[in-house]
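Structure record follows, encoded as structure tokens.
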Amino acid sequence: MAKKNETAISPTRAENYPEWYQQVIRASDMAELSPVRGCMVIKPWGYALWENISRALDDMFKATGVQNAYFPLFIPVNFLEKEARHVEGFAKECAVVTHHKLEKGENNQLVPAGRLNEPLIVRPTSETIIGDAFSRWIRSYRDLPMLINQWANVVRWELRTRIFLRTSEFLWQEGHTVHATKQEAIERTYMMLNIYKEMAEKYLAMPVITGEKTEAEKFPGAEITTCIEAMMQDRKALQAGTSHFLGQNFAKASGIRFQSAQETEEYGWTTSWGVSTRLIGGLIMTHSDDNGAVMPPRIAPSHVVLLPIVKKVEQNENVMAYTRDLAEKLREKRYHGGPIRVQIDDRNIGGARNWDWIKKGIPLRVEIGPKDIAEDAVYVSRRDRDRKDSRSMPKDRFVDNICELLDEIHTELYKNALEYQRKHTRDIDEKEEFEAFFTPVNPDRPENHGGFARSHWCGKKECELAIKDRLNVTIRCIPFDREPEDGTCIECGTRTKKGRVIFAKAY
RNA sequence: CGGGGCGUAGCGCAGCCUGGCAGCGCGCCUGCUUUGGGAGCAGGAAGCCGCAGGUUCAAAUCCUGCCGCCCCGACCA
């Protein structure tokens, strides 16, 4: 009974949020830093999240006619050069392959040899190389729409990295489509953003605000960038997914042309859209608490862990048999398209066993001891409730209702996150209040600040940049659901009727 | 790339000022006892003290250089 800290994770969120984040990842065994700077090793408990996320997304994509394909990791440098703004956006963070061979040099060290005639970049995103393929694949309007997705890794040479949120290499999906008309491409852009919203809210229990990026925050080369933005528990915004309408910019850069029904030659209208392993960072920072991770049930690596409690050796086999039988009954149940994922943990390590699963964030913990078996009952604890808030229930009722119980946890997590977001979102019309809102109360913890400010903006880039320079606050998005409203720009005071935009500090 | 902090066992740290056997807690392994909320006893394994050079009889400790990590800022999904 050597009770140590009140909380399993130290420091707590309030004490040091960035450090807490890393400790949650370590304690839950989701991932670790790799020997290569800025890269991560995703361990099974973390990778299962990505598998579950990607499986659900893949189904949703395919339901809209998207097909998967795979394009090369290496891209000729001159491909990137084709779209001017795209170059500006990505050139400075590209990893470049310049050699194709290693030779033994002094002291037996391996040194690069065999310089490439043309260097290759490691894809930071694949618009250009997919565009090249599309230019060959598409001849006629009958080839359209072209709806392609790839699951891949990409590399962006980041200065400052943070596990899952910003690593030099990350996993993602990138969808790329070509359409005969502007209208259809724009519709596709919004359609995919809605899928991301559904993933965030219905699977990750992460409420998001959908909207459009400003000129300054757009994807390099896009006409319209749409996004889902979520609030983390430090009240910073996380861009959790983006969908872009690329106009004809990339079609012109890559020569994606088709012959129309009217026998004219036209450029295609393209879109691209992606989400990444960053979503995992987002769900950690949305739901986890000072005792570790909290997994949203629908994508949790496991739904329930069974913890047999053996008092006397001679009861051991009885308890284990009961436990195995319960596991089998649970596995027969279907939950959101798959079986209930059950683990049995019979390690003999006392209360530490329970804490391990709390830190991993498994939605349900079930203790099974002689007392329960005598009553044909189980003792159930929910991760989203206080850890002492456990209750006994008849075993059959537990089995019959486990799907409803998991969905209830999902709903509760979503509700709490939405409540948090609303609590820290404020309409602000006075410049002084705006400044105070984003100024940390405690200078030692500059990450602590107000949250989302809904304020008026005249639409000028200078005002947006001035705020960014002064407060490190940016316009996260122009919400789709904004209502026209009279107001004055929070920076320059110009009258505007357009309605409010979301200002926040961002990851 | 600028400012600050930190590198000692898997994790968290002490030792450094004042040079002299490599330490502590947790974790890990073995055995026994235990098991309804971070178990007890006994035994054990585990270290390039970030790296390289220097000073010294002797360096985790002093000096020089480098590297890495974390936080803040600029940039980004």
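To find a chain, count down the sequence lines: A is the first, B the second, and so on, and within it residues start at 1.
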*Given the P atoms of rC71(B) and rA39(B), what is the spacing between them in whole Å?*
31 Å

*Give one of base, sugar-phosphate or nothing for Leu238(A), where a contact means two heavy atoms less than 4.0 Å apart.*
nothing

_Base-pairing assignment for rU35(B) (Watson-Crick or G-U wobble, both under 3.5 Å)_ = none

*Mind checking Ile228(A) for me? I need base, sugar-phosphate or nothing, with any heavy atom below 4.0 Å counting as a touch.*
nothing

_Per Gln22(A) side chain, nearest of listed nucleotides rC76(B), rG36(B), rC70(B)_ = rC70(B)

*Rounded distance in Å between the C1' positions of rC29(B) and rG68(B)*: 31 Å

*Residue pairs passing the ring pair (Phe, Tyr, Trp, His ring centres under 6.0 Å) test where at least one lies in residues 286-309 of chain A, sequence neighbours excluded*: His303(A)-Tyr335(A)

*Would Trp273(A) and Phe61(A) count as a close aromatic pair, with their ring centres under 6.0 Å?*
yes

*When we call it a touch if two heavy atoms are under 4.0 Å apart, what does Lys371(A) touch: a base, just sugar-phosphate, or nothing?*
base

*Scan Ser276(A) against the nucleic acid and name what it touches under 4.0 Å (heavy atoms): base, sugar-phosphate only, or nothing.*
base

*Interatomic distance where CG belongs to Leu471(A) and P belongs to rC72(B) [whole Å]*: 17 Å

*Between rC76(B) atom C1' and Lys468(A) atom NZ, what is the distance in whole Å?*
9 Å

*asked:* For a quick check of understanding: with a heavy-atom distance under 4.0 Å over all strands, which category does Phe219(A) fall into, base, sugar-phosphate or nothing?
replied: nothing

*Could you give the distance separating rG50(B) and rG10(B) at their P atoms, to the nearest angstrom?*
13 Å

*Counting any heavy atom closer than 4.0 Å, what does Ser390(A) reach on the DNA or RNA strands: base, sugar-phosphate only, or nothing?*
base

_rG25(B) and rG43(B), which share atom name P, separated by this distance in whole Å_ = 13 Å

*OP1 or OP2 of rA74(B) sitting under 4.0 Å from any side-chain N/O of Asn472(A)?*
yes

*Any strand is fair game: report the nucleotide pairing with rC69(B) by Watson-Crick or G-U wobble, both distances under 3.5 Å, or none.*
rG5(B)

*Paired nucleotide for rG25(B) [Watson-Crick or G-U wobble; both distances under 3.5 Å]*: rC11(B)

*Compare the minimum distances between each of rU34(B), rC76(B), rG37(B) and the side chain of Glu93(A), then state the nucleotide with the smallest one.*
rC76(B)

*Nearest nucleotide by nearest heavy atom, which residue falls closer to the 5' end of RNA chain B, Ser168(A) or Gln23(A)?*
Gln23(A)

_Nucleotide opposite rG53(B) in a Watson-Crick or G-U pair, distances under 3.5 Å_ = rC63(B)

_Closest nucleotide among rG37(B), rG12(B), rC71(B) to the Arg26(A) side chain_ = rG12(B)

*Remember a base hit wins even if backbone is also touched, and classify Gln239(A) as base, sugar-phosphate or nothing at under 4.0 Å, heavy atoms.*
sugar-phosphate

*C1' spacing across the pair rA22(B) / rG47(B), given as an integer number of angstrom*: 8 Å

*asked:* Looking only at side-chain N and O atoms, does Thr225(A) offer a donor or acceptor that is under 3.5 Å from a partner on His244(A)?
replied: yes

*Send over the distance from Trp355(A) CH2 to rA39(B) P, rounded to a whole Å.*
11 Å

*Of all the choices, rC76(B), rG37(B), rC69(B), which nucleotide is nearest to the side chain of Ile358(A) once you look at every atom?*
rG37(B)

*Is a side-chain donor-acceptor pair under 3.5 Å present for Thr189(A) with Ser243(A)?*
no

_Give me the distance, rounded to whole Å, that separates rC70(B) from rC24(B) when you measure between the P atoms they each carry._
30 Å

_Counting the benzene-type ring for Trp, do Phe480(A) and Tyr190(A) have ring centres under 6.0 Å apart?_
yes

*With Lys236(A) as the cation and Tyr17(A) as the aromatic partner, state whether NZ or CZ is under 6.0 Å from the six-membered ring centre and within 45° of the axis.*
no

*Closer to the 5' end of RNA chain B via nearest nucleotide, is it Phe90(A) or Ile373(A)?*
Ile373(A)

*Closest to the Ile309(A) side chain, choosing from rU35(B), rC76(B), rG37(B)*: rU35(B)

*Grab the NZ-P distance between Lys505(A) and rC72(B) for me, whole Å please.*
10 Å

*asked:* What is the distance, to the nearest angstrom, from the CZ atom on Phe170(A) to the P atom on rC76(B)?
replied: 14 Å

*Are Arg324(A) and Glu317(A) within salt-bridge range, i.e. N to O under 4.0 Å?*
yes

*Going by distance alone, is a donor N or O of one side chain under 3.5 Å from an acceptor N or O of the other, for Arg123(A) and Asn153(A)?*
yes

*Base, sugar-phosphate, or nothing: which does Thr474(A) touch, judged by heavy atoms less than 4.0 Å apart?*
nothing

_Lys92(A) NZ to rA74(B) C1', straight-line distance once rounded to whole Å_ = 11 Å

*Under 4.0 Å: is that the gap between some side-chain N or O of Arg353(A) and OP1 or OP2 of rA39(B)?*
no

*Who does rU30(B) pair with, Watson-Crick or G-U, both distances under 3.5 Å?*
rA42(B)

*asked:* Heavy atoms from C-beta onward define the side chain here; which of rC76(B), rU35(B), rG36(B) lies closest to that of Asp372(A)?
replied: rG36(B)

_By nearest atom, which of the nucleotides rG37(B), rU34(B), rC76(B) is closest to the Arg365(A) side chain?_
rG37(B)

*Strictly by modelled atom types, are Ser28(A) and Arg26(A) linked by a side-chain donor-acceptor pair under 3.5 Å?*
no

*asked:* Using the side-chain heavy atoms of Pro18(A), tell me which of these nucleotides is nearest: rC76(B), rC72(B), rG36(B).
replied: rC72(B)

*If you take atom types as modelled and just measure distance, does the side chain of Ser381(A) reach the base of rG37(B) with a donor-acceptor pair under 3.5 Å?*
yes

*Distance test, side-chain N/O of Lys359(A) to OP1/OP2 of rG38(B), below 4.0 Å*: no

*Atom OH of Tyr507(A) to atom P of rG73(B): distance rounded to whole Å?*
11 Å

*Integer-rounded Å distance: rU35(B) P and Asp345(A) CG*: 18 Å

_With rounding to the closest Å, how many angstrom separate the C1' atoms on rA46(B) and rC6(B)?_
24 Å

*Can you tell me, in whole Å, how much space there is between the P of rC76(B) and that of rG4(B)?*
26 Å

